[in-house]
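Notes to accompany the following structure.
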Amino acid sequence: MAAMAAALRGLGGRFRWRTPAVAGGVRGAAQGAVAGQWDYDLLVIGGGSGGLACAKEAAQLGRKVAVVDYVEPSPRGTRWGLGGTCVNVGCIPKKLMHQAALLGGLIRDAPHYGWEVAQPVPHDWRKMAEAVQNHVKSLNWGHRVQLHDRKVKYFNVKAGFVDEHTVRGVAKGGKEILLSADHIVIATGGRPRYPAHIEGALEYGITSDDIFWLKESPGKTLVVGASYVALECAGFLTGIGLDTTVMMRSIPLRGFDQQMSSLVTEHMASHGTRFLRGCTPSQVRRLPDGQLQVTWEDHTTGKEGTGTFNTVLWAVGRVPDTRSLNLEKAGVDTSPSTQKILVDSREATSVPHIYAIGDVVEGRPELTPTAVMAGRLLAQRLFGGSSDLMDYDKVPTTVFTPLEYGCVGLSEEEAVARHGQERVEVYHAHYKPLEFTVPGRDASQCYVKMVCLREPPQLVLGLHFLGPNAGEVTQGFALGIKCGASYVQVMQTVGIHPTCSEEVVKLRISKRSGLDPTVTGC
């Protein structure tokens, strides 16, 4: 174990560290590199899900691989280990805290099922946070061990291009190292956006980079934003008993089906989350007692509002983590509006041997599984003789709000825009999960709809499911929809009784006619 730890700590090997005082010499050395004599076959910049998947796959194919990863601390000072956004400040801690909130609901249900549980049951943020953070740290270590086992060299340095085949890495202490590679993959992902134009936003606010690493409860919280990050965080904060308010400038879950999005926020509002709609903050200041006073403008009334909170969480979008990469020195093109990297269907940038995958890329879903699959397929094309491209069509996803929302394919709005209203048929139904019946839970927002082409055999364009375990439900149906399932085929599928998934294969009501299609002959 000691030998493995030493190997994992060692960044040297045949490379020589250089201090900033001889940076000119570093640049000269880079320019003297001889084509074909690179240090590595593949250099991956970014140790998140996509980058690690690509590196491990290339190493499995017998190539010499290195991974460069460095976490710039958040303005709050939060930093983390290897694994990227998903592992450290995204999917993993989010789902665990979501589970903590769901357990609170189950505890309230328990007496109805005969369990003698004294109510109310208090929640301990410190204990939850410590357990979640310890799990994340174990994943950080696991990724380092996996890289070591596959003989992938790991460098904990901040990377920036020197030229199209060479990267300079700067360690925390300022030491520099040069790495060259035949192929380079950029997989640096994104970071939360701070609304710098708002007074006090940077000084007093936090983001999703910080919420999962707080040692103490955030207390009364204002979540600013209407993205899935905003609603998921607000959902689990409310679920564990914290006073939570969401401030939305416009619509919730932009880019998702808006009927489903409205049901998501209706459910949250009915279960304790407050919403300030059509409002934008203008100032955050700290009061003498330590609380944060937020001033906002209500665009509906034109009036100004104020409120006090313990924590202000910004969830107003993300920006690609490309600022320190010196992409211009390698000739890599980015989008002028988003600063994301432009790639073709092979994930290649404007420089043929430099690639980009994941959230840092223009026009790609900001989802861990797509980055992972894109990374593996890229490695297989580069080193395994494959020609398979990543298919970004019909990618399933789930928003882990208190009532989960899973979807795959087109929203109703997208289907109508693409095919026209007259060519689209939507089958839908409200339903009540069996587990909601005994405790008398409100199921008015549990809903499922299938968006189809109207002409036979009614190809399924999209499926939207709002209810318990939506991710598990959606994952199962995603395969059929990916394979071109029709409405008729879904209706011929036998459901598993009594489950929520069964509701998908029972859809008989058309939104257009309100009639059972078996009666109308559709």
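Worth knowing before you read on, the calculation uses all heavy atoms, side chains too, and leaves out hydrogens, waters and symmetry mates.
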*For the residue pair Phe212 and Phe236, categorise the inter-ring angle as parallel (less than 30°), tilted (30 to 60°) or perpendicular (more than 60°).*
tilted
Is [X] salt-bridged to [Y], cutoff N-O under 4.0 Å?
| X | Y | answer |
| --- | --- | --- |
| Lys482 | Asp393 | no |
| Asp209 | Arg76 | no |
| Glu347 | Arg364 | yes |
| Arg346 | Asp344 | yes |
| Glu366 | Lys340 | yes |

_Please determine whether side chain to side chain contact (heavy atoms under 4.5 Å, CB included) holds for the pair Thr166 and Leu178, giving the CA-CA distance in whole Å, both sets of side-chain angles, and the decisive distance to 0.1 Å._
CA-CA 7 Å; Thr166 312; Leu178 284 182; 4.0 Å; yes
Tell me, please, which residues at least two apart from [X] pass side-chain contact (heavy atoms from CB on, under 4.5 Å).
| X | answer |
| --- | --- |
| Val121 | Ile107, Val117, Gln119 |
| Gln99 | Leu102, Leu103 |
| Thr311 | Ile206, Pro218, Thr221 |
| Ala371 | none |

So does [X] have more than 12 non-hydrogen atoms from other groups sitting under 6.0 Å from [atom1]?
| X | atom1 | result |
| --- | --- | --- |
| Arg150 | CZ | yes |
| Gln293 | CD | yes |
| Arg274 | CZ | no |
| Arg418 | CZ | no |

Taking [X] for its side chain and [Y] for its backbone only, find out whether a donor-acceptor pair lies under 3.5 Å.
| X | Y | result |
| --- | --- | --- |
| Glu413 | Gln258 | yes |
| His353 | Ala348 | no |
| Arg376 | Ala58 | no |
| Thr397 | Leu367 | no |
| Asn88 | Gly81 | yes |
| Thr245 | Leu222 | no |
| Thr300 | Asp298 | no |

Give the minimum heavy-atom separation between [X] and [Y], together with the two atoms involved.
| X | Y | answer |
| --- | --- | --- |
| Ser350 | Gly331 | OG-O, 2.8 Å |
| Arg144 | Leu82 | CG-CD2, 3.7 Å |
| Val67 | Gly46 | CG1-O, 4.3 Å |
| Leu403 | Leu466 | O-CD1, 3.4 Å |

Going by heavy atoms in the side chains, are [X] and [Y] under 4.5 Å from each other?
| X | Y | result |
| --- | --- | --- |
| Cys54 | Leu42 | yes |
| Asp243 | Thr238 | no |
| Thr78 | Pro73 | no |
| Trp314 | Val284 | yes |
| Thr265 | Arg277 | yes |
| Pro320 | Glu362 | no |
| Phe155 | Leu179 | yes |
| Tyr228 | Thr401 | no |

*Of all residues at least two apart in sequence or in a different chain, which pass the side-chain hydrogen bond (donor to acceptor under 3.5 Å, both in side chains) check with Asp442?*
Ser444
*asked:* Suppose we screen for side-chain hydrogen bond (donor to acceptor under 3.5 Å, both in side chains). Which residues come up paired with Ser49, at least two apart in sequence or across chains?
replied: none
To the nearest 0.5 Å, what is the distance between [atom1] on [X] and [atom2] on [Y]?
| X | Y | atom1 | atom2 | result |
| --- | --- | --- | --- | --- |
| Arg191 | Thr322 | CZ | OG1 | 12.5 Å |
| Glu304 | Ser282 | CD | OG | 5.5 Å |
| Tyr447 | Tyr405 | OH | OH | 11.0 Å |
| Asn134 | Leu139 | CG | CG | 11.0 Å |
| Asp124 | Ser217 | CG | OG | 9.5 Å |
| Phe477 | Leu463 | CZ | CG | 7.0 Å |

*Take Asp69 and Asn156, measure what side-chain hydrogen bond (donor to acceptor under 3.5 Å, both in side chains) needs, and give me the verdict at the end.*
CA-CA 5 Å; Asp69 186 64; Asn156 183 209; 5.3 Å; no
For [X], what residues pass the ring pair (Phe, Tyr, Trp, His ring centres under 6.0 Å) criterion, not counting sequence neighbours?
| X | answer |
| --- | --- |
| His123 | none |
| His299 | none |
| His143 | none |
| His135 | none |

_Show, in sequence, the C-alpha distance, side-chain angles and deciding distance for Cys407 and Thr474, and conclude whether the side chain to side chain contact (heavy atoms under 4.5 Å, CB included) test is met._
CA-CA 6 Å; Cys407 60; Thr474 307; 5.6 Å; no
Scan the side chains in residues 246-257 for donor-acceptor partners under 3.5 Å anywhere in the protein, sequence neighbours excluded, and list what turns up.
| residue | atom | partner | partner atom | Å |
| --- | --- | --- | --- | --- |
| Ser250 | OG | Arg254 | NH2 | 2.9 |
| Asp257 | OD1 | Gln259 | N | 3.1 |
| Asp257 | OD1 | Met260 | N | 3.2 |
| Asp257 | OD1 | Lys449 | NZ | 3.0 |
| Asp257 | OD2 | Glu412 | N | 2.8 |
| Asp257 | OD2 | Lys449 | NZ | 3.1 |

*asked:* Suppose the criterion is ring pair (Phe, Tyr, Trp, His ring centres under 6.0 Å): which pairs have a residue in residues 66-106, not counting sequence neighbours?
replied: His98-Phe400
*asked:* Working note: Ile357 + Met390, criterion side chain to side chain contact (heavy atoms under 4.5 Å, CB included); need CA distance, chi angles, decisive distance, verdict.
replied: CA-CA 10 Å; Ile357 57 174; Met390 176 64 192; over 6 Å; no
*Regarding Lys220 and the six-membered ring of Phe309, is the cationic atom NZ or CZ under 6.0 Å from the ring centre and inside 45° of its axis?*
yes
